[in-house]
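Comments concern the structure below.
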There are 2 protein chains.
Amino acid sequence: MIRQSDKGNLKKLGANIKRLREMKNLSLRELSYACDIDNSKISKIEKGQINITFTTILQLAKALEISPSELLRTDYD
Amino acid sequence: MIRQSDKGNLKKLGANIKRLREMKNLSLRELSYACDIDNSKISKIEKGQINITFTTILQLAKALEISPSELLRTDYD
DNA sequence: CCAACTGCGGCCTTATTAGACCGCAATTAT
DNA sequence: ATAATTGCGGTCTAATAAGGCCGCAGTTGG
């Protein structure tokens with residue numbers, strides 16, 4: 001059901017989350033603990049394998065100490 | 001299942017979408033046509049009644065001619 | 001060497017979104 | 001007055017995200 005054109009954006013979002021997590025030197029399990037999302041799920045998100053909801057975006061943004069808007073800004077420098 | 005603390009953010013997001021739609025003088029049905037999302041669903045989104053997915057955010061942003069990141073920026077002036 | 005940690009994928013159940021359609025009350029033209 | 005438009009709520013099914021747990025292969029560190 002996920003449109004082919006959206007897959008790229010899902011991967012970009014995942015890559016951005018991974019980038020931000022690594023910038024804070026957090027392991028999947030540490031971030032998992034911080035945002036109360038199972039580490040295997042975060043792994044799938046970072047791989048762009050699932051189409052997360054707005055509230056999941058909020059949880060991740062909070063744990064990464066960044067605004068939800070920034071989390072979606074994939075055109076980072 | 002939606003956390004009470006997220007309801008406010010859902011409403012903010014909805015209000016922002018409504019604001020952007022009205023700025024472009026679009027009716028629900030016109031925006032519906034532009035992003036291929038049922039008008040009743042958009043209505044629910046604007047009311048903060050559903051927790052939309054990332055791809056739905058992408059569709060709305062595209063139709064509203066704004067970046068997904070901007071769509072989430074609820075701290076507009 | 002051994003122990004701990006790490007990313008990752010599979011599996012399962014339940015809750016909820018997606019997607020589509022209908023109809024109504026209120027508003028806005030004609 | 002009448003017709004069209006508009007926002008909105010309800011209903012149904014199918015697809016899928018959420019949430020949780022398990023285990024493994026490959027680091028990393030003691």
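Just so it is clear, the model here is predicted, and its values are computed rather than measured. Excluded from the calculations below are hydrogen atoms, water molecules and symmetry mates; all remaining heavy atoms, backbone and side chain alike, are included. Residue numbers begin at 1 in each chain, while the letters A, B, ... track the order of the sequences.
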Can a side-chain donor-acceptor contact be found between [Y] and [X] if the only test is distance below 3.5 angstrom?
{"X": "B/Thr55", "Y": "A/Asp6", "result": "no"}
{"X": "B/Asn51", "Y": "A/Thr53", "result": "yes"}
{"X": "A/Ser69", "Y": "B/Ser69", "result": "yes"}
{"X": "A/Ser40", "Y": "A/Ser43", "result": "no"}

Would you mind reading off the distance between [X] atom [atom1] and [N] atom [atom2], rounded to a whole angstrom?
{"X": "A/Asp36", "N": "D/dA17", "atom1": "CG", "atom2": "P", "result": "19 Å"}
{"X": "B/Ile57", "N": "C/dA18", "atom1": "CD1", "atom2": "C1'", "result": "14 Å"}
{"X": "A/Asn51", "N": "C/dG19", "atom1": "CG", "atom2": "C1'", "result": "14 Å"}
{"X": "B/Leu31", "N": "D/dT5", "atom1": "CG", "atom2": "P", "result": "18 Å"}
{"X": "A/Lys41", "N": "C/dT6", "atom1": "NZ", "atom2": "C1'", "result": "20 Å"}
{"X": "A/Glu22", "N": "C/dT6", "atom1": "CD", "atom2": "P", "result": "12 Å"}
{"X": "A/Leu28", "N": "C/dA4", "atom1": "CG", "atom2": "P", "result": "20 Å"}
{"X": "B/Ile37", "N": "C/dA20", "atom1": "CD1", "atom2": "C1'", "result": "13 Å"}

Within the 4.0 Å heavy-atom criterion, would you say [X] contacts the bases, only the backbone, or no part of the nucleic acid?
{"X": "A/Ser43", "value": "base"}
{"X": "B/Ile52", "value": "sugar-phosphate"}
{"X": "B/Ser40", "value": "base"}
{"X": "A/Lys44", "value": "base"}
{"X": "B/Asn39", "value": "base"}

Open item on the list: Both B/Ile50 and A/Lys18 contact DNA chain C. Which one's nearest nucleotide lies toward the 5' end?
Closed with: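 Final value for this comparison: A/Lys18.
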
Task: 5' precedence on DNA chain C between B/Ile45 and B/Asp38 (nearest-nucleotide basis) - done: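 The 5'-side residue here is B/Ile45.
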
Task: A/Glu65/A/Lys24 salt bridge by N-O under 4.0 Å criterion - done: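 A salt bridge is present here (some side-chain N lies under 4.0 Å from a carboxylate O).
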
Open item on the list: Both B/Thr53 and B/Arg29 contact DNA chain D. Taking the nearest nucleotide for each, which residue is further toward the 5' end?
Closed with: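 Nearest-nucleotide comparison on DNA chain D picks B/Arg29.
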
Open item on the list: I want to check one thing: is the phosphate of C/dC5, taken as OP1 and OP2, less than 4.0 Å away from some side-chain N or O of A/Ser27?
Closed with: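 So the side-chain polar atoms of A/Ser27 never come under 4.0 Å of the phosphate oxygens OP1 or OP2 of C/dC5.
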
Open item on the list: Quick one: does any side-chain atom of A/Asn16 pair with a main-chain N or O of A/Leu71 as donor and acceptor, under 3.5 Å?
Closed with: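 Checking the backbone N and O of A/Leu71 against the side chain of A/Asn16, a donor-acceptor pair under 3.5 Å is found.
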
Task: A/Glu46: partners by side chain to side chain donor-acceptor pair (under 3.5 Å), with sequence neighbours left out - done: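 Testing A/Glu46 for side chain to side chain donor-acceptor pair (under 3.5 Å), a comparison that skips the adjacent residues, returns A/Arg21.
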
- [ ] Give me the bend of the helix from C/dC1-D/dG30 to C/dT30-D/dA1, using the axes of the five pairs at each end, rounded to 10°.
- [x]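 The angle separating the two end axes equals 50°.
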
